There are 2 protein chains.
Amino acid sequence: MARESKFTIDELYTKTRSLLIHHGYDGFHFGLLAERLGVTRSALYKYYRNKDELITEFMLYEMERFLRELKQIDQYETFEGQLDYLLELIFKYSKIHQILLTIFRIPPSTHEKVQENINILEEKHLDMYSHLKRFIHLGRKEKKLKPHFPDEMILGFIFQTVNIPKQPDLSSEKWCDMLKEFLLRGMEET
Amino acid sequence: MARESKFTIDELYTKTRSLLIHHGYDGFHFGLLAERLGVTRSALYKYYRNKDELITEFMLYEMERFLRELKQIDQYETFEGQLDYLLELIFKYSKIHQILLTIFRIPPSTHEKVQENINILEEKHLDMYSHLKRFIHLGRKEKKLKPHFPDEMILGFIFQTVNIPKQPDLSSEKWCDMLKEFLLRGMEET
DNA sequence: CCCTAAAGTTACATAAGTGTAACTTTGGCA
DNA sequence: TGCCAAAGTTACACTTATGTAACTTTAGGG
C-alpha cells in the first residue's frame, strides 16, 4: 500500500446510502459525499469517473448484499417459516427499494461502465424475482395461498408493508406479527 | 386583461405535476418548466418568486382538489360503500402521496410565503386525516374491522395498494376488486 | 388612436456542480 | 535512504441553475 486511504469502501457506501435516501438522485453530488468523508471532491474522481458510476456500483453492492440474504430463505422449509424470514429481511433492507428506484433517474448516455452496471443489476433483479416466485410457489403447493391472487399482487402487498409507518408505541415484533396477520387474513372482522 | 397569457394556471400545474413526478424536487427547475410552457424562464418569475413558492402553491392546489373529493365519502352510508369510493379515489390520485412527500425536501429558510403554504398544508393534512379516521370509525362501529388493528395500519395498507404495480393484462375493475378482497380477507386460503 | 398595465424577453451578475491537469503528501520497499 | 506509486489537494475551465433589471410586446379602455 502506497498511502493509507482516508476512508474505507464501507464508509463510502454508508454515506452514499444516507445521501441517496435523504437527498435523492439529483440532490446527490460529489461535493456532498466528499465533505462527509473528510476528503476533497477531487479525491473521489480517483475512484469513480462520475456520480452515475459510483451510484450504480453502490446499487450493485446493495443488491448483492440483499440477494445473499434472500437466498438463505431456502433454509426454511415451510411457507410460513419463509414468510417470517422474508418479512424480517424486508424490514432490515427497508430502504433498498427506494435506492434501486433511482436507477430510472440515471441519464442513458453516460460512460460504458454505467450501462454495464445497469445490465448486471437487471440480471440480479431477475435472480431475486425467481427466488420470490419459488417462495410463492411453495405457498401455493402447501395450499396456503388463495389461487386467484396473482404472484405480483401477493409480493406487492408483502413488500409494501415496509412503507406503512410503524406506530412508535408498538414493539417491532408486535408490529411484524400484526402485519403478518393482516396479510394472511385481512382486516375484516369475521 | 392587458395581454393574453401564453398558458393557463391549469397547464402550469399539469406540467409542474409531471416534472415533479419524473424529475423529483431537485431535478425540478424553472428552466425546464418554462420550456414545457413555451415561455422563457424569466416569465415565471412574474408569478412566483422561486421554485419553492411555486411547488408549495401547487401542493396546496393538489391537496385541496383531493380533499374536496375525499369529503364526498360521506355520501356513502356503509363502510363498504366508503371503502369502494376511497379505493377509487386513491387510484385517481395515485401520485399525490409522492408529490406531497417532496415537502420534506424544501429547505426551511426561504421566503415567508413558502412557510405559510407549508403551514396551511399541514392543516389540510390534519383535516384529511380526520376524515379518514371517521371512515375507520364507521368500519369499527359496523363491526367490519378487527378491533386490534390500529387505525394507522389499516389506513397504511389501504393507501399502499396504489404502489403495487398493476398487472397489465387485468382490467382496473378486476384489479380493484382483488385488492379489496385482499384487504378484507387476506391472502391465506381457508 | 394612443396610453397603460400585464405579459414576456433579453441581458447580466451570481452561485454551484462537473471534470481534469498539475501538483504535493505519504508509506512501503529495494 | 531515496524511489515511486497511490492518495490527496489546488487551481482552473466549463456548464447549468438562480434571480433581477431594463427592455419590448400586446390588447383593452379612455
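The sequence lines fix the lettering, A, B, ..., with proteins before strands; numbering per chain opens at 1. Only a predicted model underlies this, so the values are computations on that prediction, with no experimental measurement involved.
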Nearest to the side chain of [X], heavy atoms from C-beta on, is which of [options]?
X       : options               : result
A:His29 : C:dG8, C:dT18, D:dG8  : C:dT18
B:Arg41 : D:dT18, C:dT20, C:dA7 : D:dT18
A:Tyr47 : D:dT18, D:dA7, C:dA7  : D:dA7
B:Phe30 : C:dT9, D:dG8, D:dT18  : D:dT18
A:Ser42 : D:dT9, C:dT25, C:dT9  : D:dT9
A:Thr40 : D:dT9, C:dT10, D:dA7  : D:dT9

For the residue pair B:Tyr61 and B:Tyr13, categorise the inter-ring angle as parallel (less than 30°), tilted (30 to 60°) or perpendicular (more than 60°).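 Plane angle between 30° and 60°, so tilted.
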Is the number of heavy atoms from other residues, nucleotides or ligands under 6.0 Å of B:Glu77 CD greater than 12? no
Atom pair distance, as rounded to whole Å: [atom1] in [X] and [atom2] in [N]:
X        : N      : atom1 : atom2 : value
A:Tyr48  : C:dT18 : OH    : P     : 16 Å
B:Leu32  : D:dA17 : CG    : P     : 8 Å
B:Asp52  : D:dA17 : CG    : P     : 16 Å
B:His111 : D:dG19 : NE2   : C1'   : 9 Å
A:Ile9   : D:dA6  : CD1   : P     : 15 Å
B:Asp26  : D:dA17 : CG    : C1'   : 12 Å
A:Tyr45  : D:dA13 : OH    : P     : 17 Å
A:Leu33  : C:dG17 : CG    : P     : 13 Å

Upstream residue (5' side of DNA chain C) when A:Gly31 and A:Lys46 are each assigned their closest nucleotide: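 Upstream on the strand: A:Gly31.
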Distance criterion of 3.5 Å, no angle test: do you see the side chain of B:Arg3 paired donor-to-acceptor with the base of C:dA7?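 Indeed there is one.
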Looking at [Y] and [X], is any side-chain nitrogen of the basic one under 4.0 Å from a carboxylate oxygen of the acidic one?
X        : Y        : value
A:Arg134 : A:Asp74  : yes
A:Lys144 : B:Glu189 : no
B:Arg17  : B:Glu62  : yes

Any B:Lys6 side-chain N or O less than 4.0 Å from OP1/OP2 of C:dT9: yes
